[in-house]
Amino acid sequence: FKFQFLGAIEVFTKEAIELYFEKSDDCSGKVGHQGGEDYYMEACMDGIGIDHQTDFQLLNDKYAATENCNDPWVVAFHFYKAVSMWNDCWTAAHNAAKSGHKAWASEEH
């Protein structure tokens, strides 16, 4: 992604969020609020010692030049201005997930 942590999706573990709530006052007093929520959370998490990982396949994003609706690994789709385009992509992704994962295909969704 162009912005890596700063972007359309951030995923946190339960433990990371629990530690964030324990130390959120520290963040509020030391991390500026001039950026968006993604900047704030990255700076806060780094400041309280929580590392981050990057998985470029989780988000289907036109800025990352992925735009692959048939990838069963994608968990979110960003920036479709037309509802019909988002729906078409979701349908393709849903079908890819069903055909790509035997456990998924055996269940009714």
Side-chain angles (χ1 to χ4, degrees):
F1 291 0
K2 181 178 177 183
F3 302 110
Q4 297 211 4
F5 189 96
L6 307 178
I9 185 173
E10 293 87 30
V11 179
F12 299 96
T13 64
K14 177 183 173 201
E15 294 81 8
I17 293 300
E18 287 172 347
L19 186 58
Y20 166 75
F21 281 117
E22 286 176 23
K23 298 188 177 255
S24 62
D25 288 341
D26 294 343
C27 292
S28 188
K30 295 178 183 170
V31 176
H33 294 275
Q34 69 275 15
E37 82 287 345
D38 43 11
Y39 168 79
Y40 176 83
M41 288 302 290
E42 179 186 28
C44 179
M45 293 297 194
D46 286 347
I48 61 176
I50 296 175
D51 196 10
H52 64 271
Q53 299 176 0
T54 303
D55 186 338
F56 295 117
Q57 291 182 293
L58 291 177
L59 178 66
N60 181 311
D61 189 317
K62 76 175 189 172
Y63 297 113
T66 54
E67 295 189 58
N68 181 6
C69 298
N70 297 302
D71 184 348
W73 190 252
V74 171
V75 299
F77 305 95
H78 182 243
F79 211 76
Y80 286 88
K81 288 195 180 227
V83 172
S84 61
M85 290 178 66
W86 189 94
N87 286 338
D88 290 345
C89 189
W90 182 90
T91 298
H94 185 76
N95 290 336
K98 283 172 38 178
S99 65
H101 300 292
K102 290 179 184 176
W104 176 279
S106 68
E107 299 177 12
E108 294 218 11
H109 290 266

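Residues that satisfy the side chain to side chain contact (heavy atoms under 4.5 Å, CB included) test with Asp46, not counting sequence neighbours, are Glu42, His52.
Across all non-hydrogen atoms, the minimal contact from Ile48 to Cys27 is CG2-SG, 4.1 Å. When all heavy atoms of Tyr40 and Ser24 are compared, the closest pair comes out as OH-O, 4.1 Å.
Cluster annotation: Phe21 and Leu19 are assigned to the same hydrophobic cluster (Ile/Leu/Val/Met/Phe/Trp/Tyr, side-chain heavy-atom contacts under 4.5 Å, transitive).
Each of Glu15, Glu10, Lys14 was evaluated against Phe12; a single residue qualifies, Glu10, per the side chain to side chain contact (heavy atoms under 4.5 Å, CB included) test.
Taking CD1 of Ile17 as the start and CE of Met41 as the end, the distance is 4.5 Å to the nearest 0.5 Å.
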